[in-house]
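This report concerns only the one structure given below.
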Amino acid sequence: MKSLLIDGIKKLGITEGDTVLVRAALSAVDTLPNGPNTLIDAFLDVINISGTLVSLSFTSSSFLKKPDRDKPFRINTPTYAGAFPNTMLTYPEAKRSTHPTCSYVAIGKNAGWITVDHGPKSPAYEPIRKMINLNGKMVLIGCVATSPGFTTAHLAEYDLGLLNRVICPWLNAVFYEANDGTLKLFRRKDLGLCSNSFYKFYAHYVNAGILKTGLIGNAYSISVPAKEAYLIEKKILSKNPQFNTCDDPFCFMCNGRRWDRIHRIPIYVSKRILRKIKRLF
C-alpha cells in the first residue's frame, strides 16, 4: 500500500527536497494499514530529509460569546483540520507554530523556520509566504470538492487588504496559554473570507498549466506550486474582490459578514428564519 501511495505522490510532481503543504480526507484514500502514519510516512519518504512536510493545524475560536478559559489554545491542542495534521502533531520531530487559531505543523528540514515566530501577534497566513519563498507545493487529497482550494488564496486576500471587509473579526476570540503559563485573550484581526468558493480558481490553474491531477490511493488529488497559485489568485482578486464569494444563500461569511455585501444581510436573515420555521412544521 505504501509503495502505491508513493507512486501517486510522485505523479503529482512531488520530488525529493520539496516543501509541500498537504490537506487530506483520509477516508477517501483507502484502508491505510497503519492509519494516517502510512500516508505521512509516504510523503516523508518521497521528500526525504532535505524536504519539509507541512499541514494546517487550525483550531476553533468563540464567536459572539466569551471564550472558555478552561479550553485555551495550547501547543498540544488538537486541530479540527483532520487526522492527517493531528497525527503529524504526534511525531517527535514535528514543529508547530503558536498562533492561537491558525497554527501550522511541519516536519523536516525547514520545519523550524516555517513555524518559528508565528504566534499571537503574527498575521494568520504568514507561514504560507515562507512556503512561497521556498518554492513550495500544495496538495489536496480526496477533498478537491468538499474542502476546495489552497491557503495561498487567504494570503492573497490579506495582501490585497480584502480581509478588512470582514465585519468585526475581533468577535472571534479564544484564550491561549502564553510562554509563561498565563492565559491571555486573543482576538482575530485577519479572519479569512469564505473558502467554499476557492474551487473557482481551478480553471485558472489549468489555463496556466500549473495544475497536476492524479490518484493517491483511491482519492482524486491535485497539486499546484504555491508561488504560481498565489500570483494567479492575487491577480484575479485584485480585479474582482468579490470573486471569492460562494453561491450558498446560507453562507454566513458571504451573506452576513462582509462589509461589501452588507446589503444581503436582511435577505440572509429572512432565509434563515424561514428555514427554521419550515423545520418546525
Nearest heavy atoms of [X] and [Y], plus distance in Å:
{"X": "P148", "Y": "L140", "result": "C-CD1, 4.3 Å"}
{"X": "S97", "Y": "I75", "result": "O-CD1, 4.0 Å"}
{"X": "N110", "Y": "T19", "result": "ND2-OG1, 4.0 Å"}
{"X": "A219", "Y": "S221", "result": "O-OG, 3.0 Å"}
{"X": "G82", "Y": "N86", "result": "O-ND2, 3.0 Å"}
{"X": "Y80", "Y": "T59", "result": "CE2-C, 3.4 Å"}

First locate atom [atom1] of [X], then atom [atom2] of [Y], and finally report the distance between them rounded to the nearest 0.5 Å.
{"X": "I210", "Y": "N207", "atom1": "CD1", "atom2": "CG", "result": "10.5 Å"}
{"X": "C254", "Y": "R261", "atom1": "SG", "atom2": "CZ", "result": "6.0 Å"}
{"X": "F198", "Y": "T151", "atom1": "CZ", "atom2": "OG1", "result": "8.0 Å"}
{"X": "T52", "Y": "W113", "atom1": "OG1", "atom2": "CH2", "result": "10.0 Å"}
{"X": "R74", "Y": "L183", "atom1": "CZ", "atom2": "CG", "result": "6.5 Å"}
{"X": "C168", "Y": "L64", "atom1": "SG", "atom2": "CG", "result": "9.0 Å"}

I want to check something: taking the side chain as every heavy atom from C-beta on, are [X] and [Y] in contact at a cut-off of under 4.5 Å?
{"X": "V224", "Y": "K212", "result": "no"}
{"X": "I222", "Y": "I141", "result": "no"}
{"X": "L237", "Y": "N244", "result": "yes"}
{"X": "R258", "Y": "T245", "result": "yes"}
{"X": "K2", "Y": "D45", "result": "yes"}
{"X": "F73", "Y": "S60", "result": "no"}
{"X": "E16", "Y": "V46", "result": "no"}
{"X": "L163", "Y": "L193", "result": "yes"}

- Query: Looking only at side chains, do R23 and S147 share a donor and an acceptor under 3.5 Å apart?
  - Reply: yes
- Are R188 and S61 linked by a side-chain donor-acceptor pair shorter than 3.5 Å? no
Determine, using the 4.5 Å side-chain heavy-atom cutoff (strictly less than), whether [X] and [Y] are members of one ILVMFWY cluster.
{"X": "M138", "Y": "I114", "value": "yes"}
{"X": "Y268", "Y": "I273", "value": "yes"}
{"X": "M253", "Y": "L56", "value": "yes"}
{"X": "L39", "Y": "L4", "value": "no"}
{"X": "L5", "Y": "V54", "value": "no"}

Quick one: does any side-chain atom of [X] pair with a main-chain N or O of [Y] as donor and acceptor, under 3.5 Å?
{"X": "S57", "Y": "P85", "value": "no"}
{"X": "Y202", "Y": "V144", "value": "yes"}
{"X": "S122", "Y": "P120", "value": "no"}
{"X": "N255", "Y": "C251", "value": "yes"}
{"X": "R69", "Y": "K184", "value": "no"}
{"X": "R257", "Y": "I167", "value": "yes"}
{"X": "T182", "Y": "A178", "value": "no"}

- Query: Sequence neighbours excluded, which residues qualify as ring pair (Phe, Tyr, Trp, His ring centres under 6.0 Å) partners of Y125?
  - Reply: H154
Any chance the rings of [X] and [Y] have centres within less than 6.0 Å?
{"X": "Y104", "Y": "F58", "result": "yes"}
{"X": "F201", "Y": "F243", "result": "yes"}
{"X": "F252", "Y": "F63", "result": "yes"}

- ring pair (Phe, Tyr, Trp, His ring centres under 6.0 Å) contacts touching residues 158-188 (sequence neighbours left out):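 Only H99-F186 qualify under ring pair (Phe, Tyr, Trp, His ring centres under 6.0 Å).
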- Item | Verdict with reasoning, L21 to V139, per side chain to side chain contact (heavy atoms under 4.5 Å, CB included) | CA-CA 6 Å; L21 187 148; V139 175; over 6 Å; no
- Note on the structure: Applying side-chain contact (heavy atoms from CB on, under 4.5 Å) to S62 and not counting sequence neighbours gives K65, P67
- Give the intermediate values and the outcome of side chain to side chain contact (heavy atoms under 4.5 Å, CB included) for residues N37 and T87. CA-CA 7 Å; N37 301 81; T87 304; 3.6 Å; yes
- Qualifying residues under salt bridge (charged side-chain N to carboxylate O under 4.0 Å, His left out), relative to D117, sequence neighbours excluded: none
- Query: Centre of F250's six-membered ring, under 6.0 Å away, within 45 degrees of the axis: is that where NZ or CZ of R275 sits?
  - Reply: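 Satisfied, under 6.0 Å and within 45°.
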- Please walk me through it: do Y91 and D41 pass side chain to side chain contact (heavy atoms under 4.5 Å, CB included)? CA-CA 11 Å; Y91 280 57; D41 291 343; 2.8 Å; yes
- Task: Begin with the C-alpha distance, continue with both residues' side-chain angles, and end with the deciding distance and a verdict on side chain to side chain contact (heavy atoms under 4.5 Å, CB included) for N172 and R187.
- Result: CA-CA 6 Å; N172 289 74; R187 293 190 180 276; over 6 Å; no
- Query: Going by the salt bridge (charged side-chain N to carboxylate O under 4.0 Å, His left out) test, which pairs reach into residues 224-248, not counting sequence neighbours?
  - Reply: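 Residue pairs passing salt bridge (charged side-chain N to carboxylate O under 4.0 Å, His left out), neighbours aside: none found.
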- Task: Only pairs at least two apart or in different chains count here, so list each salt bridge (charged side-chain N to carboxylate O under 4.0 Å, His left out) that has a residue in residues 127-150.
- Result: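 Listed once each, the pairs are D18-K137, E126-R129, R129-D159.
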- Task: Give a yes or no on this: more than 12 heavy atoms of other residues, nucleotides or ligands lie within 6.0 Å of atom CG of L274.
- Result: yes
